[in-house]
Amino acid sequence: MVEAVPAEAGNPFNIFRGHIAVDDLGTRPGQECIGLCSFEGGMCDWNDVRTDDFNWLLGRGTQNPITGPPRDHSSSQGDALGGAYVFLDSSFPRRPGDVARLESIEFQATDPNNPPCMIFYTYMAGRGVGHLQVLLEDVVTRQERILWALKGHQGTQWVQGQLSLSSSTPFKVVFEGSVGKPRLGDIAIDDITIISGPCATLPPAAMPPSSGDCTFEQDTCGWSNPGSRQRVDSLQYLRTRASKFAFPTTDHTTGSQKGFYMMLENPGRKQEGDNAWLLSPIMKGDRQQVKCLSFCWCFNSHPIWTLHNFQGLTWYFAQMPLRAEDNFQVVLEAVWGASNSSGMLAVDDISIFDGNCLTVPEAAIVRAGDCTFTRGSCGWTNLTSDQDFSWMLASALRRPLDMHDHTYGAPAGYIYYDVFNLGGRTQRLQLVSPVMEPMPDRSPLCFTFWFGGFGADPNTSLSIYQRPTQLRSFPEQLLSDLSSDIRVWSHILGDPIGWQFGQVQLLASTRFQVIFEGVSFNGGFTLDDFKVYTGTCTSALEEPVELWDTFKRETLQAAKECIGERWWNADVSFDRGCLQPMLISRRRLTQCIVSHSGTFCNFAGFLQGLLV
């Protein structure tokens, strides 16, 4: 049976209609379905291990009126009777500590970017229940590691278990159950399924120590806000039930309003750049094994992964590799933009598993040279001919023209130089990037940045040079000769107009560095939000104000033509086929969101305003 479910009508965030189609259904041989078993027709791809103490048995109905499940998992969801499952019989002649192992057939090595998730249900009832463990056995080395473990009485109900299966070599999955003390308790397993994509371990009690996995349904699993004495943030992450807020309307784990996620605090009074840290438990690093952090995020408003501004009105998947030799923690930092900004940021379903995965989405990759200057200069180095003048990080007390940070609109968080020389002697100031690595396919890179100029010297200029690192090493003083370097961009001061967008294409066939050089005797430039992208640069985009105004104008016109005289009725829903003309302007909206400040692109607020 294939079931299609329409989106809920009347939801203002579901502005686009959609269609579902199915075609060319069929079956084929392969490993996509191995491991799946409801035990209705036997043990499927699972077998008893001959070297254990006793066996898993097939059962139907109750085997023990006190500790056994009265029905299998599928039947317990309705009024049906019967159904099959596998169970451990702990009665005589079993002894405490006896172990039974159920082993899968061999799985192939998993994709590091998309390891499967195994879901199953277990029934563990009785005061003498032992333990149930899920182990991953490397078929090459025969080494085993525990991925999931639960012990003791879990109530007279089927409990969902789930975990990610990640391995760089072929492997088997092993369920290991034991007899407790006293022998008053049974363990049953049912409805094993394996789906694509990683998942957070459930229930939280079954996680390995300090695993970092969390769905936030029961608690925060060791993830915490730092203490006030650490002085690293100004706000909190809050564990929140979805039903308390208008968006997101559901959590990611359960897909319901009853579920929980972690949300960035949104106080009535806040300042630009106010931030919150969410700290993971301390985890063990391994020089030989890279781990992958995956989570689901949703927002409209020292990184290894970063995104800014409005990103959409739904949950998105994210992942990135974690490399550490020693113990480490993961920090999820959220930052507010303008003090009067609205919106939200939420995180759910954190999972950490073995594997050298790719960063998702690609726009969140942090490369050498990327910098928002919020927490320092990110490896960019200052070189100057006069110690009295240099590139400096702006602060609330020392900044030019009362200019605010481009990233968040805060009083600080960018870099600048400001030259005022009474003798009229021109100064040269250079800002040098860390070494940037070539792309494996030698493809070009696009370097984007924001800049602003000021001062009375009309010859105040800003230039960008690209220098291959093999030409010569960088000294600690000003580079007087740039003739061997390639000037790829330059700008002479005009009328100050605030922040301007700049981009330049860089050849990336060898290792190189980027040099900003400012020249002036009375003036300077500000710089912020350096970002390196793969591929060629696109053509310059329209200004954000023009993009946003155009989007609103076209959307209003389409809506008025659709609804007519009923336009001002508050009961109007956006789930209407005649609003499809709104799609014609989404290109401008996307450009506005991706390339410019979210101040102009308050999409969610605009939609809500239309319904008032």
Side-chain angles (χ1 to χ4, degrees), residues 3-14 73 76-78 116-122 148 150 154-155 157-164 191 193-207 211-225 235-266 276 278-281 293-301 307 311-319 330 332 334 342-353 360 604 608:
E3 181 181 40
V5 180
E8 179 182 355
N11 187 340
F13 298 104
N14 291 334
H73 170 256
S76 67
Q77 303 306 298
C117 172
M118 183 174 74
I119 303 172
F120 63 94
Y121 293 85
T122 180
W148 188 98
L150 197 61
Q154 301 298 317
Q157 61 185 347
W158 287 98
V159 175
Q160 179 181 337
Q162 69 178 33
L163 64 151
S164 296
D191 289 344
T193 57
I194 298 177
I195 61 176
S196 176
C199 57
T201 302
L202 286 178
M207 299 177 189
S211 73
D213 283 18
C214 200
T215 64
F216 303 105
E217 294 307 306
Q218 297 182 14
D219 54 31
T220 60
C221 318
W223 288 80
S224 62
N225 291 289
L235 299 175
Q236 300 277 305
Y237 273 93
L238 306 176
R239 179 172 171 266
T240 305
R241 188 185 292 273
S243 59
K244 292 186 177 181
F245 291 90
F247 183 77
T249 55
T250 64
D251 80 323
H252 184 265
T253 312
T254 67
S256 71
Q257 292 187 336
K258 297 180 179 180
F260 288 83
Y261 47 75
M262 297 297 289
M263 172 177 278
L264 173 63
E265 181 184 8
N266 186 7
L278 185 62
L279 287 171
S280 74
L293 167 69
S294 72
F295 59 94
C296 292
W297 55 271
C298 178
F299 71 89
N300 54 13
S301 176
L307 286 174
Q311 296 293 328
L313 299 171
T314 187
W315 288 102
Y316 292 94
F317 176 77
Q319 67 179 25
V330 174
L332 298 180
S342 60
M344 51 71 57
L345 184 149
V347 176
D348 203 0
D349 289 346
I350 299 174
S351 177
I352 299 176
F353 53 89
V360 176
Q608 290 175 330

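All values below come from the heavy atoms of this structure, side chains included, with hydrogens, waters and symmetry mates left out.
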Pairing residues for Thr254 by the side chain to side chain donor-acceptor pair (under 3.5 Å) criterion, not counting sequence neighbours: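 Result, side chain to side chain donor-acceptor pair (under 3.5 Å) vs Thr254: Asp251, Ser256.
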Donor-acceptor contact below 3.5 Å, side chain [X] vs main chain [Y]:
| X | Y | answer |
| --- | --- | --- |
| Arg239 | Phe216 | yes |
| Glu217 | Phe260 | yes |
| Asp348 | Cys296 | no |
| Ser164 | Pro198 | no |
| Ser243 | Arg241 | no |

Find the distance between [atom1] ([X]) and [atom2] ([Y]) and round it off to the nearest 0.5 Å.
| X | Y | atom1 | atom2 | result |
| --- | --- | --- | --- | --- |
| Leu293 | Gln319 | CG | CD | 9.0 Å |
| His252 | Phe295 | NE2 | CZ | 12.0 Å |
| Gln162 | Thr201 | CD | OG1 | 7.5 Å |
| Met118 | Ile195 | CE | CD1 | 11.5 Å |
| Ser294 | Ile352 | OG | CD1 | 8.5 Å |
| Leu264 | Leu278 | CG | CG | 10.5 Å |

Looking at every heavy atom in both [X] and [Y], which two are closest together, and how far apart are they?
| X | Y | result |
| --- | --- | --- |
| Cys199 | Asp213 | O-OD2, 4.0 Å |
| Val347 | Tyr261 | O-CB, 3.5 Å |
| Met207 | Cys221 | CE-SG, 4.1 Å |

Non-neighbouring partners of Asp191 that pass side chain to side chain contact (heavy atoms under 4.5 Å, CB included), sequence neighbours left out: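 Ser38, His73, Ser74, Tyr121.
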How about [X] and [Y]: do any of their side-chain heavy atoms sit closer than 4.5 Å?
| X | Y | value |
| --- | --- | --- |
| Leu163 | Phe120 | yes |
| Trp223 | Pro281 | yes |
| Cys117 | Phe353 | no |
| Thr220 | Tyr237 | no |

Step-by-step side-chain contact (heavy atoms from CB on, under 4.5 Å) determination, Ile350 to Leu332: CA-CA 11 Å; Ile350 299 174; Leu332 298 180; 4.0 Å; yes
